[in-house]
Amino acid sequence: QVQLVESGGGLVQAGGSLRLSCTASGGTFNKYVMAWFRQAPGKEREFVATISWSGGRTDYADSVKDRFKISRSNTKNTVYLQMNSLEPDDTAVYYCAADLRTSWNPYNLHFGSWGQGTQVTVSS
């Protein structure tokens with residue numbers, strides 16, 4: 001299985017921006033559909049965004065659409081999450097996930113590999 005390491009979390013004021021990165025190792029990166037999830041204190045983990053193998057297709061949760069952008073670099077084995085106009089409700093641990101797939105289905109939220117998470121805190 002691919003190993004995933006997230007970075008880029010931190011503390012930011014409402015309205016600010018952060019870019020998360022997730023670097024993969026131990027697998028053929030361009031064979032994996034990648035995604036970001038998040039889990040706020042006391043809440044279940046929720047889907048944020050996903051991206052196809054070459055980056056040509058993406059999908060977002062309604063709560064982050066138009067504010068967040070997922071992208072990837074297959075030469076750097078890295079997926080990114082650019083987060084703009086951050087709100088206190090975006091405060092959560094953000095997780096990177098990967099799944100080895102041969103077909104695109106953004107509604108399939110079962111991912112086989114997960115990172116350890118990075119904390120994002122948005123102050124009001």
Side-chain angles (χ1 to χ4, degrees):
Q1 282 189 343
V2 67
Q3 288 79 51
L4 305 171
V5 178
E6 301 99 332
S7 61
L11 173 64
V12 64
Q13 288 188 331
S17 299
L18 280 176
R19 188 176 83 154
L20 306 183
S21 300
C22 169
T23 300
S25 61
T28 304
F29 186 67
N30 62 11
K31 292 182 182 273
Y32 288 84
V33 169
M34 302 298 295
W36 288 95
F37 289 76
R38 67 185 182 185
Q39 187 167 19
K43 295 186 177 181
E44 294 189 354
R45 187 171 60 195
E46 65 174 359
F47 166 77
V48 174
T50 187
I51 189 167
S52 62
W53 309 266
S54 63
R57 287 177 283 191
T58 59
D59 193 55
Y60 297 88
D62 287 343
S63 59
V64 306
K65 202 170 292 185
D66 299 328
R67 298 189 298 123
F68 291 9
K69 182 178 180 180
I70 189 171
S71 61
R72 67 189 292 164
S73 168
N74 287 345
T75 58
K76 296 182 179 180
N77 288 359
T78 300
V79 62
Y80 305 97
L81 185 69
Q82 178 66 44
M83 306 185 294
N84 299 325
S85 302
L86 282 161
E87 304 167 353
D89 282 349
D90 295 319
T91 295
V93 177
Y94 283 71
Y95 297 91
C96 174
D99 203 48
L100 202 59
R101 300 179 183 178
T102 57
S103 62
W104 174 247
N105 179 3
Y107 302 107
N108 179 358
L109 302 184
H110 297 283
F111 283 75
S113 300
W114 293 83
Q116 82 289 350
T118 186
Q119 177 70 47
V120 172
T121 303
V122 184
S123 64
S124 57

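All values reported here derive from a predicted model rather than from experimental measurement.
Contact of the Q119 side chain with the T91 side chain is registered, since non-hydrogen atoms from C-beta on lie closer than 4.5 Å. At a threshold of 4.5 Å between non-hydrogen side-chain atoms, the residues L20 and E6 do not count as touching.
Under the side-chain contact (heavy atoms from CB on, under 4.5 Å) criterion, T78 pairs with S21, T23, K76, Y80, not counting sequence neighbours. In this structure Q3 satisfies the side-chain contact (heavy atoms from CB on, under 4.5 Å) test together with S25, sequence neighbours excluded. Taking the side-chain contact (heavy atoms from CB on, under 4.5 Å) definition, one finds that R67 meets it with V64, S85, E87, D90, sequence neighbours left out. Applying the side-chain contact (heavy atoms from CB on, under 4.5 Å) rule to D89 yields no partners; only residues at least two apart in sequence or on another chain are considered. The side-chain hydrogen bond (donor to acceptor under 3.5 Å, both in side chains) check on S17 picks up N84, with sequence neighbours excluded. Partners of T28 according to the side-chain hydrogen bond (donor to acceptor under 3.5 Å, both in side chains) rule, which considers only residues two or more places apart in sequence or in another chain, do not exist here. Among residues two or more places apart in sequence or in another chain, the side-chain hydrogen bond (donor to acceptor under 3.5 Å, both in side chains) test is passed with S71 by none. Scanning for side-chain hydrogen bond (donor to acceptor under 3.5 Å, both in side chains) contacts around E46 gives R38, with sequence neighbours left out.
Between A14 and S124, the shortest heavy-atom contact is CB-CA, 4.3 Å. The nearest pair of heavy atoms linking T118 to G9 is OG1-N, 3.2 Å. Taking each heavy atom of P106 and T50 in turn, the nearest pair found is CB-CG2, 4.1 Å.
Applying the ring pair (Phe, Tyr, Trp, His ring centres under 6.0 Å) definition to pairs two or more places apart or across chains, those involving residues 4-52 are F37-F47, F37-F111, F37-W114. Each ring pair (Phe, Tyr, Trp, His ring centres under 6.0 Å) pair with one or both residues in residues 49-75, not counting sequence neighbours, would appear here, but there are none. For residues 49-62, the set of pairs meeting the salt bridge (charged side-chain N to carboxylate O under 4.0 Å, His left out) definition, not counting sequence neighbours, comprises D62-K65.
The CD atom of Q39 lies 8.0 Å from the CD atom of E44; values are rounded to the nearest 0.5 Å. Distance check, rounded to the nearest 0.5 Å: CE of M34 to CG of L4 gives 5.0 Å. Between K69 atom NZ and Q82 atom CD the span is 9.0 Å, to the nearest 0.5 Å.
In this structure, R72 contributes its side chain and V33 its backbone to no donor-acceptor pair below 3.5 Å.
Transitive grouping of hydrophobic side chains (ILVMFWY, heavy atoms separated by less than 4.5 Å) keeps L81 and L11 in distinct clusters.
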Side-chain atoms of residues 95-102: list all donor-acceptor pairs with protein atoms under 3.5 Å, sequence neighbours left out, distances to 0.1 Å.
| residue | atom | partner | partner atom | Å |
| --- | --- | --- | --- | --- |
| D99 | OD1 | G112 | N | 2.9 |
| D99 | OD2 | R101 | NE | 2.7 |
| R101 | NH1 | N105 | O | 3.4 |
| R101 | NH1 | N108 | O | 3.3 |
| R101 | NH2 | N108 | O | 2.8 |
| R101 | NH2 | H110 | O | 3.0 |

